[in-house]
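Report on the structure given below.
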Amino acid sequence: MSSDNGHKSYQMDSGARMNDSHKHKDKHRDKEHKHKEHKKDKEREKSKHSNSDHRDPSEKKHKDRDREREKEKEKEREREKVKHKDDSLERHRDKEKRREEKMKAHGADGKHKREKENGFASPPHIKSETDDNGYYHSPKHEKSVKRQYEDESEYKPKKVKVENEKKAKKRKHEDYYEEEEEEEDVKPKKKTKDKKLETAPGKKKVKKEPEEKWKWWEEERATDGSKWKFLEHKGPVFAPPYEPLPGHVRFYYDGKPFKLSNGAEEVATFFAKMLDHEYTTKDAFRKNFFKDWKKEMTSEEKAKLTDLNKCDFSEMNDYFKAQSEARKQMSKEEKQKIKEENERILEEYGFCVMDNHRERIGNFRIEPPGLFRGRGNHPKMGMLKRRIRPEDIIINCSKDSERPKPPAGTRWKEVRHDNKVTWLASWTENIQGSIKYIMLNPSSRIKGEKDWQKYETARRLKSCVDRIRNQYREDWKSKEMRIRQRAVALYFIDKLALRAGNEKEEGETADTVGCCSLRVEHIKLYPELDKQDYVVEFDFLGKDSIRYYNKIPVEKRVFKNLQLFMENKQPEDDLFDRLNTSILNKHLQELMDGLTAKVFRTYNASITLQQQLKQLTCSDDNLPAKILSYNRANRAVAILCNHQRAPPKTFEKTMQNLQTKIDEKKKQLSSAKKELKSAKADAKTLHDDKSRKAVETKKKAVQRIEEQLMKLEVQATDREENKQIALGTSKLNYLDPRISVAWCKKYDIPVEKIYNKTQREKFAWAIDMADEDFEF
DNA sequence: ACCCACACTTAGTAGTAGAACT
DNA sequence: AGTTCTACTACTAAGTGTGGGT
């Protein structure tokens, strides 16, 4: 069962481990005591044994896809180049930046301008802290910080919103209209407009995106913990009901056709659709599937169908393939029709009205039933994910809104009005028992504010990261084991951008770890390796069962501490047995308001981007070269954060095609050059205008071709370097978009080159507010 | 101190719409 | 005009972190 995520060894280990897993915890406890008592002695001793290899040396044969192997190398190389440099640089610069940053925060960034633009001289009073500066604090604590802002003098009256709320009901969709015209001046006009709109008959729903987007970032944020005041929506879209198979498509049991009841047939089709996937051959998958399938069978079926291996779904599988083929072959008109229908649904269900604005919903369709496929070696793979009915759904909306109607003949599980949360609907999923939500799109105010806030927190970390680093270095020497562990873990989180590593329930999910949950088996210590001292080799499966493999030299103290932590432990014991994420986060909270482990990832990612951009961009480069630099900077971050992807299936081919094009271009270039030469010769002999002109033309042609060639080559490089690195995740979640926007502005690069449409929508706030001087 | 429920962010990928190519 | 290629988007799993209860 493992092949997908590679790592046989891991899986076996974990399997073996599972049985006595709980014991470990107890063991740990015992150990902890010991550790405490002996720690001093140990410190002395520890230096002796460095790597206590309890592990089977073969362990690291990862059968991972080559991706990983290649990746490792690449990663190592890159890391060396990028990361380490960064580290040192970073630290120096941080100090300076810290100062600068403060200043900046106070007004250099354009936010202020904006605010002014909308023309509100605001009443200085109230919450001065409201962020004019566009700076958010988490409601709880950040006030002090943010408060530094000078311009409390202007901000907008928030009441506007409030007052509009009532109208909102009526108006609902009209809100966006107004925005088109008015955009910046928010409030006053609204009223007038509203009126107009109201009188206007009927549907104004024209599908638009408001040309003028609402600039929520110029408005004040609620401070009372409420996420909205008004919320109205149409409820989710349910999965289409099951359509029984046509009579000629049969299921066979033990070689003979077998007519399945409707319920059993539906579940069978889920399996049939996946036949091509390797995981349908895995034991766990088959076992889980069969067990759940039986639950849907009638008693006769249950009695007869006793062996999954005798089940033949191939005819069903063929049928579905044919269907999808047919779908592809549909005529234009048919496709058009479907498209229109989808748009209609989107218009109707894809938006909600939240506080006077029509906002896009992220996922308004309920997840259809099917077979669960977790990532990596998931113990629950193959289980039936059941169909969600209206009776399972909790609706959240405001009291004064028109509540969504459940489909005819059904009812919601509950309708509540909780404005302390952002979701519109939720249900409990049956595989893990977790709650799923329907929430807004990233372009929405509610997501955007949070995102912005996240980066502000990371920027605050920037200003105290030196202090924190000094502190954890000190803590490496602590007398207390728990403090040392905390300090070493934090060092990893900071230096390597590891995730926090919450504990997980064993047997419920794939066996993956983060920093705090690392086990002894996940690291190896080398007092010396490849000429470097104190090297730690990490090898573990992280989120999504993506392998993290890295060898890095660490400081001697860290190394010694690790030896200490590993003493007397089994491979499957926790490395940091006296630490967990809540202890760590509690500590971080004391170091800085709002600081948690994940902030380090955000901070290190963003600061790395900023540095790399500075370092790699040449103002003389042409556009493609600059973009290559950007992508490289982005790549440095993706490598740091270990964002991988499976190499695209067509990768080789694509590269080949590109190469062909390059070769052609080269030929073209040389012949163009030849022509130029002869044209020059002609011009020399002839001395006439015509030949001179010809020379000019040829010259231009050569230039053009050179440029094209260059562009192709850059593209090829970029692609090659990106083979198994995913840039999207960091771009979307870790890199302060203002850094990118500032870079674009500085080098006069259209943002479209960096962000596609969706991304521009998500980062509208940053695009609007960052100027070229923005400094993270 | 721990546990659990909950809310929300972060993650990779399958499938497809539409661009690019022939 | 059909085919191929690619960039997106939709989807949903898998994390993080908080807070309340015991």
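Reminder, nothing fancy here: chain letters follow the sequence lines and each chain counts from 1.
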Problem - Spacing of A/W427 atom CH2 relative to B/dA7 atom C1', expressed in whole Å - result: 14 Å
Exercise for the section: In plain terms, say whether A/K337 and A/E341 are close enough for a salt bridge, that is, a side-chain N and a carboxylate O under 4.0 Å apart. Expected result: no
Practice task
Answer yes or no for A/K385 and A/F372: cation-pi contact, defined as NZ/CZ to six-membered ring centre under 6.0 Å and angle to ring axis within 45°.
Solution key: no
Problem - Pair A/D392 + A/R386: basic N to acidic O under 4.0 Å - result: yes
Handout entry: Exercise: do A/N396 and A/D418 side chains pair donor with acceptor under 3.5 Å
Key = no
Exercise for the section: Indicate the ring-plane relationship of A/F538 and A/F492, choosing parallel, tilted or perpendicular according to the 30° and 60° boundaries. Expected result: perpendicular
Problem - Donor-acceptor side-chain pairing of A/Y279 and A/R373 below 3.5 angstrom - result: no
Problem - A/K661 versus A/N657, side-chain donor and acceptor atoms under 3.5 Å - result: no
Exercise for the section: Looking at every strand, decide which applies to A/T422 at a 4.0 Å heavy-atom threshold: base, sugar-phosphate, or nothing. Expected result: sugar-phosphate
Write down the protein N/O and nucleotide N/O pairs, taken from nucleotides 3-5 of chain C, whose separation is under 3.5 Å; answer none if there are no such pairs.
{"unit_1": "C/dC5", "atom_1": "OP1", "unit_2": "A/K653", "atom_2": "NZ", "d": "3.4"}
{"unit_1": "C/dC5", "atom_1": "OP2", "unit_2": "A/K653", "atom_2": "NZ", "d": "2.9"}

Problem - 5'-most by nearest nucleotide on DNA chain B - A/T602 or A/T428 - result: A/T428
Practice task
Assign A/K227 to base, sugar-phosphate, or nothing according to its heavy-atom contacts below 4.0 angstrom with the strands shown.
Solution key: sugar-phosphate
Fill in the blank from the handout: A correct 5'-to-3' footprint of nucleotides 9-15 of chain C, with B, S and - meaning base, sugar-phosphate only and no protein heavy atom under 4.0 Å, is SSSBBBS
Protein N or O to nucleotides 15-22 of chain B N or O, pairs below 3.5 Å:
{"unit_1": "B/dC21", "atom_1": "OP1", "unit_2": "A/K661", "atom_2": "NZ", "d": "3.4"}

Problem - Donor + acceptor pair across side chains of A/S740, A/Y630 (<3.5 Å) - result: yes
Handout entry: Rounded distance in Å - OH (A/Y437) to P (B/dT9)
Key = 11 Å
Practice task
To the nearest Å, give me how far apart NZ (A/K731) and P (C/dA7) are.
Solution key: 12 Å
Handout entry: Interatomic distance, A/L732 CG vs B/dT9 C1' [rounded to whole Å]
Key = 11 Å
Exercise for the section: To the nearest Å, give me how far apart CG (A/L498) and P (B/dT10) are. Expected result: 17 Å
Practice task
Could you check how far CD1 of A/I546 sits from C1' of B/dA11, rounded to whole Å?
Solution key: 8 Å
